[in-house]
Amino acid sequence: MLVNLQTILKNADEGGYAVPAFNVYNMETVMGVIKAAEETRSPVIMQFYSRLATTGVSDYLAPIILKAAEMASVPVCMHLDHGAGYEAASIALRNGASGIMVDFSALSLDENIEKTAAAVKILSAMGIGVEGEIGHIGSAADGVPTDYTTVEEAKKYVEATGVSALAVAVGTAHGRYKQAPKLAIDRIREIKQKVGTPLVLHGGSGIPDDQIRLAIEAGIRKINFGTDICYSFLDGVFEVDRKIYAVDLFMREPIECVKSFAISKIELLGAKGKA
Ligand code: 13P
């Protein structure tokens, strides 16, 4: 069933686990993720990047995610990831998203607050939770930022905007890490204690398992996996015998690869059996 962002994260907060948020791109990645969630009885977030909304891809992708959610017996949230502005947010809304991230983290804190608060005002009236970000989480190719989100900024931002989830910069970055990141676990704990709101960890691909467990114990409630779900799918594609040309048969193995990857993360995040 389709559920909104705030509901799926409130349950995770109460249960002390994190919900896996998988970036999906096509029908096959959606199928792999939903099979994993059903098999493990786990709540799941399927999200698409802003680019997919603004280039028209989500007009095709979103109905597939929504159909998967409708048929599923586990809670599914369809979320816009890193919404780059009101245009992407509006498209995702039109597509039926039940969670929206607006990312104004590249702006000053005050501008970020102003723009995020305006989005929350409209979206909360529609029952849709908003994820915001402070302390910009960059690309792993540029190195892991050591400029962490502060407790004061987080408190000010959450109080002024009313976001349902907060993405924090605590030592992660997007893409493949050059070396394993070391997360600022104490900072996560401090922010969680003072702010309360469910916290989100971006750049989930390549974080060592022990760091992920500590981050959840400290208060992270949503962890994003983008790069590694792509690799799980593509590795599957490259393994398939080229003699298989019927695309549905060709895609069986890549779907299974995505499913296995998703199950491993669901188990790591403690979400198994939480549906
Ligand atoms: P990775 O691609 O590093 O897993 O990051 C995904 C992400 O945080 C999407 O917002």
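The analysis underlying the following values was restricted to heavy atoms, covering all of them including side chains, and did not include hydrogens, waters or symmetry mates. Counting convention: from 1, in listed order, for ligands and their atoms alike.
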Taking the six-membered ring for Trp, are Tyr49 and His82 parallel (under 30°), tilted (30 to 60°) or perpendicular (over 60°)?
->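 Judged by the thresholds at 30° and 60°, the geometry between Tyr49 and His82 is parallel.
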Polar contact flag for Gly175 and ligand 1 (N/O pairs, less than 3.5 Å) |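 In this structure, Gly175 places an N or O atom under 3.5 Å from an N or O of ligand 1.
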Looking only at N/O atoms, are His202 and ligand 1 under 3.5 Å apart anywhere?
->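 Checking ligand 1 against His202, an N or O pair does fall under 3.5 Å apart.
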Spacing of NZ belonging to Lys272 relative to CD1 belonging to Ile266, to within rounding of 0.5 Å |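 Spacing of NZ (Lys272) from CD1 (Ile266) equals 9.5 Å.
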Would you mind checking which non-hydrogen protein atom is closest to [atom], with the distance to 0.1 Å?
atom	answer
atom 9 (C) of ligand 1	Asp81 OD2, 3.0 Å
atom 7 (C) of ligand 1	His174 CD2, 3.2 Å
atom 6 (C) of ligand 1	Gly226 N, 3.5 Å
atom 4 (O) of ligand 1	Ser205 OG, 2.5 Å
atom 8 (O) of ligand 1	Gly203 N, 2.8 Å

List every atom of ligand 1 that sits less than 4.0 Å from any heavy atom of [X], numbering the atoms from 1 in the order shown and giving each element.
X	result
Thr227	1 (P), 2 (O), 3 (O), 4 (O)
Ala173	3 (O)
Phe225	4 (O)
His82	10 (O)

Any Asn23 heavy atom less than 4.0 Å from ligand 1 |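 A heavy atom of Asn23 does come that close to ligand 1.
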Non-hydrogen atom of Ala21 closer than 4.0 Å to ligand 1 =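 No, Ala21 has no heavy atoms under 4.0 Å from ligand 1.
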Is the charged tip of Arg176 near the ring of Tyr231: under 6.0 Å from the six-membered ring centre and within 45° of its axis?
->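 Yes, Arg176 and Tyr231 form such a contact.
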Check whether any side-chain heavy atom of Tyr25 lies under 4.5 Å from a side-chain heavy atom of Leu61, and answer yes or no.
->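 Of all side-chain heavy-atom pairs linking Leu61 with Tyr25, none is under 4.5 Å.
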Flag the pair Ile113 / Lys156 as yes when at least one side-chain heavy-atom distance between them is below 4.5 Å, and no otherwise.
->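 A side-chain contact exists here, since the closest heavy-atom pair is under 4.5 Å.
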Verify the ring-centre separation between Phe104 and Tyr86: is it less than 6.0 angstrom?
->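 Tyr86 vs Phe104: aromatic centres under 6.0 Å.
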In sequence, state the C-alpha distance, the side-chain angles, and the governing distance for Lys67 and Glu70, and then conclude on salt bridge (Lys or Arg N to Asp or Glu O under 4.0 Å).
-> CA-CA 5 Å; Lys67 189 67 193 172; Glu70 182 197 315; 3.3 Å; yes
Charged N to carboxylate O below 4.0 Å: is that the case for Lys194 and Glu190?
->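 No, no charged N to carboxylate O under 4.0 Å.
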Greater than 12 external heavy atoms within 6.0 Å of Lys35's NZ |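 Counting neighbours around NZ of Lys35, 12 or fewer heavy atoms of other residues, nucleotides or ligands fall under 6.0 Å, so no.
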